[in-house]
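Read the numbers this way: they start at 1 and go in the same order the structure lists the ligands and their atoms. Just so you know, these numbers come straight off a predicted model, no measurement behind them.
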Amino acid sequence: MVSRVIPVDPFDLVIFGGTGDLARRKILPGLYRRFWDGQMPRDAHVIGAARTAQDDAGYRQFVREAIETFVAPDKRDAETIEAFLAMVRYVAVDATGTEGWDTLAAMVRPDTIHAFYFSVSPSLFGGIAERLHGHGIATPDARIVVEKPFGHDLASARELNATLAHSFDEHQIYRIDHYLGKETVQNLMAVRFANVLFEPLWNAQYVDHVQITVAETVGVEGRGAYYDKSGAMRDMVQNHLMQLLCLIAMEPPSRFEPDAVRDEKLKVIRALDPVAPGDIVRGQYRGRDDEPGYLEAAENPDSTTESFVAMKVHVSNWRWAGTPFYMRTGKRLRARVSEIAVVFKDPPHSIFGEDGKRRGNVLAIRLQPDEGMTMRVTIKEPGPGGMRLVEVPLDMSFAEALGEHAADMPDAYERLIMDVIRGNQTLFMRGDEVEAAWAWTDPVIAGWESRGDRPLPYDPGGAGPEDALMLLHRDGRRWREIEG
Ligand code: BG6
């Protein structure tokens, strides 16, 4: 298979928060990897912008260290790093004052694509947007990239949208949800809409239920202050899990184009029923040995914030009426695994007697680790002794099927940044989509707050609180194992 990396057009990318953690871990190493692969052209400029006073040389040293720390050794050499650093510049700006903006205006080149990455606190979005606009830095075609959390609830998301809309049109705003940049998430659309096999079965008539699991082994250490105000519902469900749900449940868009896809996702969010209190389980991990529990990590002994949530959700439309979607996500669980499982109904009649009953097919789409898909099918157990049935996986690991190209897959951030440069918004959330997601999330959170519900403690290294298992057991179903 031949690598098909097509270089993007020259661009100037300004990273506000250029000395921050996201820039260091994801944005800068990601850009470097795109450069290494030949996708980022040599005449691009990467401009770090932050408060700290330093010169280009100082910032290049920061970028060099980021590359050396976060890029695998087989994707770097001194020559390529030097060539990349030659494209890097720095400007000290005051996001709420006047300092640095004229310098920045002089740095960006007039006839190139402009992208501005707002890797800063949302409270600074308005000030930066205004100054970019006021100093004539942002052209009508300039793109801005904003990170989650996009608001804390519907009201704050609306406010943020309104603030950005003062200076930018919707077609210029790229709201990142890095889950949409994951290879398998995009593959989900390819599987559904580039094959005839699945779509006829993709509805309540054949699908018994869907499970969406995003399990993590990490806790909240180091991010306790942010996380404690957020919790799993805001941090993961409102955005990442909701996006996965949309891609599974949406109608086929007429084209793979930004608004065609986003219109269909929006319809799914709007079709979600409110969640009944009995259909939600929240949890908080305990400590173990010398690992702190949630309450210590969050430095808030009275916290009622959840580090785990599981819920049963209904999409009220013709396609999905009667098919529940179970979602769960949590920290400090048994393994790091993100997976979507479409569990099909049992065959309507078994010609094999009891043994043939309850043998539904399962299509499991694995986002991480070991991206791939498995289809569970029933076959005859080999050998003599009559017709005994056994379930086996039809396995497709992308790494095995696609060889070295699977190993070379860009990470979510770098893929999405290249989409920004190409001006493709398909994998970014539109303002109305984010607001609709909050409009569904807010009453769920308000519900448990008004009831004064406390999250259930759970042991680290497992599958969350027992009650989360019951959520399916009482419906005669079972969660899939959390296995790395
Ligand atoms: C982030 C959340 O958006 O996603 C984190 O804020 C979470 O809490 C992370 O750990 C998970 O992302 P990934 O790509 O590691 O699954």
Side-chain angles (χ1 to χ4, degrees), residues 17 20-27 29-30 33 70 117-122 145-152 157 174-188 212-245 247 282-285 291-292 294 297-298 303 305-310 327-340 365-372 398 409-417 427-429 434 437-438 441 445 455 460 464 482-484:
D21 204 45
L22 187 73
R24 193 171 85 87
R25 285 172 179 277
K26 295 287 182 186
I27 306 174
R33 276 192 293 265
F70 295 105
Y117 204 124
F118 288 22
S119 180
V120 293
S121 148
V145 186
V146 292
E147 273 294 326
K148 72 171 270 256
F150 198 85
H152 186 73
Y174 290 72
R175 295 175 193 79
I176 284 207
D177 182 314
H178 79 280
Y179 265 62
L180 289 179
K182 291 188 191 269
E183 182 73 14
T184 321
V185 174
Q186 295 170 64
N187 229 325
L188 186 55
I212 302 177
T213 297
V214 178
E216 299 186 275
T217 49
V218 291
V220 299
E221 291 77 15
R223 308 169 70 216
Y226 150 77
Y227 194 92
D228 202 46
K229 290 200 199 70
S230 172
M233 187 70 183
R234 290 189 171 97
D235 185 51
M236 297 294 285
V237 177
Q238 183 273 345
N239 37 68
H240 307 324
L241 277 83
M242 177 79 81
Q243 289 296 322
L244 300 181
L245 170 75
L247 296 177
R282 294 194 311 138
Q284 216 175 48
Y285 63 84
E291 287 172 5
Y294 178 81
S303 173
T305 301
E306 75 286 353
S307 59
F308 174 99
V309 65
M327 306 200 278
R328 64 177 163 169
T329 181
K331 305 234 180 248
R332 278 266 193 273
L333 299 180
R334 185 176 305 130
R336 177 174 188 246
V337 46
S338 298
E339 182 195 78
I340 302 167
I365 302 147
R366 172 76 74 118
L367 272 55
Q368 59 196 21
D370 188 20
E371 304 166 313
F398 292 164
M409 283 190 290
D411 122 303
Y413 272 95
E414 56 200 78
R415 180 195 309 272
L416 293 173
I417 296 171
L427 299 176
F428 296 83
M429 291 176 299
V434 177
W438 280 121
T441 310
I445 296 174
I482 295 181
E483 289 171 332

among protein heavy atoms, the one nearest atom 15 (O) of ligand 1 is R336 NH2, 2.9 Å
Notebook entry, point to check: If we ignore angles and hydrogens, is there a donor and acceptor under 3.5 Å between the side chains of S338 and Q368?
Noted result: yes
For E221, the side chain to side chain contact (heavy atoms under 4.5 Å, CB included) test, sequence neighbours excluded, returns Y285, P292, A297, R332
Contacts of R223 meeting side chain to side chain contact (heavy atoms under 4.5 Å, CB included) (sequence neighbours excluded), chain-then-number -> Y226, Y227, D235, K331
Taking only non-hydrogen atoms of K331 and a 4.0 Å limit, the atoms of ligand 1 in range are 5 (C), 7 (C), 8 (O), 10 (O)
One finds that the ligand 1 atoms under 4.0 Å from a non-hydrogen atom of H240 are 1 (C), 3 (O), 4 (O)
- Query: Using 4.0 Å as the upper bound for N to carboxylate O, is an ion pair formed by K182 and E371?
  - Reply: no
Per-atom filter on ligand 1: closer than 4.0 angstrom to a heavy atom of K182 are 13 (P), 14 (O), 16 (O)
closest protein heavy atom to atom 7 (C) of ligand 1 is E216 OE2, 3.4 Å
For atom 12 (O) of ligand 1, the closest protein heavy atom turns out to be H178 NE2, 3.2 Å
Between Y294 and S307, the two heavy atoms sitting closest are CD1-CB, 4.0 Å
Could you check whether atom NZ of K148 has more than 12 heavy atoms from other residues, nucleotides or ligands sitting under 6.0 Å from it?
yes
Near Q368 (heavy-atom distance under 4.0 Å), the atoms of ligand 1 are 13 (P), 16 (O)
Here the atoms of ligand 1 under 4.0 Å from any heavy atom belonging to K148 are 1 (C), 2 (C), 3 (O), 6 (O)
The closest protein heavy-atom partner of atom 16 (O) of ligand 1 is Y179 OH, 2.4 Å
Exercise for review: Please work out whether the ring planes of F428 and Y174 are parallel, tilted or perpendicular, with thresholds of 30° and 60°.
Suggested key: perpendicular
query: Side-chain contact, heavy-atom cut-off 4.5 Å: H240 with D177?
result: yes
Near R223 (heavy-atom distance under 4.0 Å), the atoms of ligand 1 are 2 (C), 5 (C), 6 (O), 8 (O)
In terms of its nearest heavy atom to atom 8 (O) of ligand 1, the top option of D235, D177, V218, I176 is D235
